[in-house]
Amino acid sequence: MRSNQILMYLKSLEEFMAQMKETRPDAKTFAIELKSMINFLEERTRPAKIQEYLYQHVEPNSIPKQLHCLSLRLAKEHTTNAGARLQLPSAEQIPYLIDNSFYHFVLASDNVLATSVVAASLVQSSLQQQKIILHIITDKKTYSPMQAWFSLHPLTPAIIEAKALNHFDWFARGKVPVLEPMEKDQKARAKFRGGANDHFGE
């Protein structure tokens, strides 16, 4: 069977290696077959890579202007209005954060509007709103707008805790090994888009 015919039936490099072990070709033949297999796999993955790069480029340019402006307005409000910088939760509510008699929900997002919609829906549909605690986690960049929104739009009687990832003690490069590759990936994406967004600052 010719090389190109074999490649039509091989779906992975693992299957290719199994085939090579079975046929036991000489080194030169193996090198040729391996190169053909790699080229074949690259051809198969190229459309997906192009599509991924396209999505990465389109994504930051497809955010509705209103949502972008909302975050900017909230960030400004956070800076100028003390009422938009309330401690979430209040000091007297902090003990409830570890109270298992409450219903605890975690919302992790960097989208203020989406978070507010989900949070409001969750509270409004609950039969015991006073027993709901929402732990909202976001990135460093979005924390100020998020805090401003829920300071100005509390979901009383539910309790809201707002935190950025960098507020957690365990959120450090030495303690979270996956952070470094995540940061490298983000820098590569930012470079492709022609900008830089730091979501993992301490």
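Throughout, numbering of the chain's residues begins at 1 and tracks the sequence.
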Hits for ring pair (Phe, Tyr, Trp, His ring centres under 6.0 Å) against F150, two or more places apart or cross-chain, chain-then-number order -> none

Residue set satisfying side chain to side chain donor-acceptor pair (under 3.5 Å) with H153, at least two apart, ordered chain then number -> none

Whether the side chain of S121 engages the backbone of V117 through a donor-acceptor N/O pair (distance < 3.5 Å, no angle test) should be reported. no

Are D99 and S101 close enough, and set up right, to give a side chain to side chain donor-acceptor pair (under 3.5 Å), and what steps lead you there? CA-CA 5 Å; D99 189 334; S101 67; 2.6 Å; yes

Whether T138 side chain and A164 backbone form a donor-acceptor pair below 3.5 Å: no

Using side chain to side chain donor-acceptor pair (under 3.5 Å) as the criterion, list what pairs up with Y103, not counting sequence neighbours. Q128

With rounding to the nearest 0.5 angstrom, report the CG to NZ distance, D110 to K141. 6.5 Å

Among H78, R85, E77, the one residue meeting side chain to side chain donor-acceptor pair (under 3.5 Å) with N81: E77

Smallest heavy-atom separation, P145 atom then V112 atom, equals CB-CG2, 4.0 Å

Atom CD1 in I137, atom OG1 in T142: separation rounded to 0.5 Å? 13.0 Å

Test of understanding: with side-chain contact (heavy atoms from CB on, under 4.5 Å), list the residues that count as partners of T79, not counting sequence neighbours. none

Can you measure from CE (M146) to OG (S109) and round to the nearest 0.5 angstrom? 5.5 Å

Is it true that a side-chain atom of S126 and a backbone atom of V123 form a donor plus acceptor pair closer than 3.5 Å? no

Spacing of I160 atom CD1 and H135 atom NE2 [to the nearest 0.5 Å]: 11.5 Å

Can you tell which of I136, L107, L134 makes a side-chain contact (heavy atoms from CB on, under 4.5 Å) with V118? L107

Under the side chain to side chain donor-acceptor pair (under 3.5 Å) test, which residues partner S90, sequence neighbours left out? E92, Q93

Please assess Q147 against L88 for the test side-chain contact (heavy atoms from CB on, under 4.5 Å), listing each intermediate value before the final yes or no. CA-CA 8 Å; Q147 183 187 25; L88 299 175; 4.2 Å; yes

L165-V106 co-clustered via ILVMFWY side chain contacts under 4.5 Å: yes

Heavy atoms only: give me the nearest A162-Y143 pair and the separation to one decimal. O-CE1, 3.6 Å

Residues at least two apart in sequence or cross-chain that pass ring pair (Phe, Tyr, Trp, His ring centres under 6.0 Å) with Y96, listed by chain then number, are F102

How many angstroms lie between CD1 in I132 and NE2 in H104, if you round to the nearest 0.5 Å? 9.5 Å

Hydrophobic cluster identity match, L122 and L155, side-chain contacts under 4.5 Å: yes

